[in-house]
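A quick write-up on the structure given underneath.
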Protein chains: 2
Amino acid sequence: MISKKTKYAINALVYLSKKPNQQPILISEIAEHEHIPQKFLEAILLDLKKAGILASKKGKGGGYFLLKSPNDVNMADVMRLFDGPIALLPCVTHKYYQKCDECIDEETCGIRSVFLEVRNQTVELLKKATLAEIINRDH
Amino acid sequence: MISKKTKYAINALVYLSKKPNQQPILISEIAEHEHIPQKFLEAILLDLKKAGILASKKGKGGGYFLLKSPNDVNMADVMRLFDGPIALLPCVTHKYYQKCDECIDEETCGIRSVFLEVRNQTVELLKKATLAEIINRDH
DNA sequence: ATTTATCCTATAGATTTTATAGAGTAATAA
DNA sequence: TTATTACTCTATAAAATCTATAGGATAAAT
């Protein structure tokens, strides 16, 4: 299961994607509409800003808006940002790789082989799942 | 990521699968060979027994052994037993289904649509990943 | 200056994960 | 029948993670 943080992030991103481009939206508006605790959402949006996905404007008329194109923000990136690796085992991740204690030879490990396939398929699907794609499916 | 519990369970099952059928193996032997805390492993094996996957014998010459055929034990079942649903969102699971707060119409939700696809693909792969298949890949 | 609204740090409660302790039960064999 | 072996069961505790909140700092607009 993805964390609530990731779920909130996706909901906020989809909400922002549906708005006219670059129009700043209040945190409070997103929080209310998507039923997200406002203070919690603040931290999430900040992370999305640091990741270069969102931008913000302070003061009156301020708020958050999408910096990247909805075509360039995919679920794999968002999930990794908040929940870490998508892989189900540490030995099949790229960035967070960790060897298994009991593993003698990784190249011949049947368990690893299975979970590597799962990871690859999942990442492929999640990469294709951009904000644009989600909104497009949203009918 | 799967929990250590699930990882331990898989390692123990693969270890038992490689042994001659129905020969009881000591918990301590599995624990030692697979680097699993023994007391923790005890609980795991008990769960696998309650799930009908393993059987056990008490007293001298006792231990655990595979009850089901390695062909009939797949990773989807094992993961669900210890970590719960495989789906990444509560609204795309079958058994643990939960509606999203903010969702107006599930049938048209683009987010759900994406994660339903991921779930279905993952489950399909994990169902095919039986103990027999894992050992077979293990070369 | 004042108001607005994001930014930042610290913290706390709740839940889950991982692990251990110790007594109980059943099977085996001498 | 007694001793030994090894699984069974309950309770608990330490550690880590997740979720959420509080309160002040900073920057932009009027």
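Side-chain atoms are counted along with the backbone in the values below, which use heavy atoms only and exclude waters and symmetry mates. Per chain, numbering begins at 1; letters A, B, ... match sequence-line order.
- Distance CD (A:Glu32) to P (C:dA5): 13 Å, rounded to an integer number of Å.
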Under 4.0 Å protein heavy-atom contacts per nucleotide of nucleotides 25-30 of chain D, with B for base, S for backbone only and - for none: -BSBS-
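- At a threshold of 4.5 Å between non-hydrogen side-chain atoms, the residues A:Thr130 and A:Asp72 do not count as touching.
- The interatomic distance linking B:Phe65 (CZ) with D:dC7 (C1') rounds to 12 Å, in whole Å.
- Distances were taken from every side-chain heavy atom of B:Pro37 (C-beta onward) to each of D:dT21, C:dT20, C:dC8; the shortest belongs to C:dT20.
- At C:dA19, none of the side-chain N or O atoms of B:Lys5 fall inside 4.0 Å of OP1 or OP2 (strictly under the cut-off).
- At least one donor-acceptor pair under 3.5 Å links the side chain of B:Arg112 to the backbone N or O of B:Cys91.
- Judged purely by atom type and a 3.5 angstrom limit, A:Ser17 uses its side chain to pair as donor or acceptor with the backbone of A:Leu13.
- Atom-to-atom, CG of B:Leu41 to P of D:dC9 comes out at 16 Å; the value is rounded to the nearest Å.
- Here C:dT17 presents its C1' atom at 14 Å from CD1 of B:Ile2, a figure rounded to the nearest Å.
- The 5' end of DNA chain C is approached more closely, in terms of each residue's nearest nucleotide, by A:Ser28 than by the other of A:Ser28 and B:Gln38.
- The shortest distance between side-chain heavy atoms of A:Val78 and A:Leu81 does not fall below 4.5 Å.
- Of the listed nucleotides (C:dC8, D:dT8, D:dT19), D:dT19 has the atom at the smallest distance from the side chain of A:Phe40.
- For the pair A:Asp83 (side chain) and A:Thr6 (backbone), a donor-acceptor distance under 3.5 Å is absent.
- Using a 4.0 Å heavy-atom distance criterion, B:Leu26 is classed as a sugar-phosphate-only contact.
- Set against D:dT8, D:dA22, C:dA19, the side chain of B:Ser56 has D:dT8 as its closest nucleotide.
- Rounded to whole Å, the distance from CD1 on A:Ile44 to C1' on C:dC8 is 16 Å.
- If you take CZ on B:Arg119 and OG1 on B:Thr122, they are separated by 9.0 Å, rounding to the nearest 0.5 Å.
- Note: NZ (B:Lys7) to C1' (C:dT17) measures 16 Å, nearest angstrom.
- Base engagement by B:Lys39 is indicated by at least one non-hydrogen atom pair under 4.0 Å involving a base atom.
- Within the 4.0 Å cut-off from OP1 or OP2 of D:dT17, not a single side-chain nitrogen or oxygen of A:Ser3 is found.
- Within the 4.0 Å cut-off from OP1 or OP2 of D:dA20, at least one side-chain nitrogen or oxygen of A:Tyr8 is found.
- Distance CD1 (B:Ile36) to C1' (C:dT18): 13 Å, rounded to an integer number of Å.
- Taking the six-membered ring where the residue is Trp, A:Phe40 and A:Tyr8 present perpendicular rings, their angle passing 60° and hence far from 30°.
- Between the P atom of D:dT5 and the CD1 atom of B:Ile27 lies a distance of 16 Å, rounded to the nearest Å.
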